[in-house]
Each structure stands twice: as C-alpha cells, then as structure tokens.
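From a predicted model like this one, the values you see are computed outputs, not experimental measurements.
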Amino acid sequence: VSVLSQLEAVITFMGSANNNIKRNMQMIAALCAEFEANFLGCDSYGSRHFRFPTTEQLCSLTEERLWELGWGYRAPRLYKLAAQLSSN
C-alpha cells in the first residue's frame, strides 16, 4: 500500500486532466526521475524508482522544462502552483 503526500496527490490529480492513467503515470515518473538525488533504487526488473520531488525541487524547474517532461498545457499551471506553494 502506498501513501501519497498531499503535494503528490494534488500534482497527480492536476496531471490527470484529459489523460489516461498510463499517460498520467508516465508524466509523474518523468517528473520524479528529473531529480537524481531522489533515486530510491531498482526493482527486480531493473526499473528505477524515485521519491516524489519536494516543493523546492519543483520550483527549480522552468515552465519549458515541464513541457519537455511531457506536462504539455498543464506545465504553466504546475509551474504556478509550485511557486505559490513555495511562497507559503
């Protein structure tokens, strides 16, 4: 059983708009893999797993980088959300 943080839940929900589950999980995986410091290890199939990024890590990404990671039209919203969360 996996327990999501509030941050991870909100961002995963944001990515789900007009998306299927597989695509949403790919976007989340790309976002997590962007931060090598969050590497947790490999499973028995060789897949690499990462911890979800912190608000500070999300703020280090540009809107353009979020587009490159597959967030598409959601990139500006995610960028703005990260900035708002870090200012609180």
Restricting to non-hydrogen atoms, name the atom on [X] and the atom on [Y] that form the minimum distance, rounded to 0.1 Å.
X   : Y   : result
P53 : L7  : O-CD2, 3.6 Å
W67 : Y73 : CH2-N, 3.6 Å
M27 : R74 : CE-CD, 3.8 Å
C59 : A82 : SG-O, 3.1 Å
C42 : G46 : SG-O, 4.2 Å

Do any N or O atoms from the side chain of [X] and from the backbone of [Y] form a donor-acceptor pair under 3.5 angstrom?
X   : Y   : result
R48 : D43 : no
T12 : A9  : no
E34 : L31 : no
N19 : G15 : yes

- [ ] For L85 and L58, run side chain to side chain contact (heavy atoms under 4.5 Å, CB included): C-alpha distance rounded to whole Å, both residues' side-chain angles, the deciding distance at 0.1 Å, then the answer.
- [x] CA-CA 10 Å; L85 289 174; L58 291 172; over 6 Å; no
Euclidean distance, [Y] [atom2] relative to [X] [atom1], rounded to 0.5 Å:
X   : Y   : atom1 : atom2 : result
H49 : F39 : NE2   : CZ    : 8.5 Å
I28 : M14 : CD1   : CE    : 10.0 Å
S86 : Q57 : OG    : CD    : 13.0 Å

- [ ] Would you indicate whether the side-chain heavy atoms of E63 and K80 approach each other to under 4.5 Å?
- [x] no
TODO: State, yes or no, whether a side-chain contact exists between K22 and M25 at a heavy-atom distance under 4.5 Å.
DONE: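 A side-chain contact is absent here, since even the closest heavy-atom pair is not under 4.5 Å.
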Open item on the list: Assigning hydrophobic clusters by single linkage (Ile, Leu, Val, Met, Phe, Trp, Tyr; side-chain heavy-atom cutoff under 4.5 Å), is L81 placed with F13?
Closed with: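 Unlinked, L81 and F13 end up in two clusters.
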Open item on the list: For Y79, give me all partners under ring-ring contact (aromatic ring centres under 6.0 Å, His included), at least two apart in sequence or on another chain.
Closed with: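 With neighbours one apart ignored, the set is empty.
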Open item on the list: Evaluate I11 against W71 for side chain to side chain contact (heavy atoms under 4.5 Å, CB included), listing each step before the verdict.
Closed with: CA-CA 11 Å; I11 292 177; W71 282 80; 3.6 Å; yes
Task: Verdict with supporting geometry, F52 and N38, side chain to side chain contact (heavy atoms under 4.5 Å, CB included) - done: CA-CA 7 Å; F52 197 80; N38 293 351; over 6 Å; no
TODO: Step through the shown structure and confirm whether more than 12 heavy atoms of other residues, nucleotides or ligands are within 6.0 Å of CG on L40.
DONE: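 Enclosed: over 12 neighbouring heavy atoms sit under 6.0 Å from CG of L40.
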- [ ] Evaluate whether atom CD of Q84 has more than 12 neighbouring non-hydrogen atoms of other residues, nucleotides or ligands under 6.0 angstrom away.
- [x]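 Yes, enclosed.
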- [ ] Output, in order, the C-alpha distance, side-chain angles, deciding distance and verdict of side chain to side chain contact (heavy atoms under 4.5 Å, CB included) for F35 and L61.
- [x] CA-CA 10 Å; F35 301 97; L61 297 173; 3.7 Å; yes
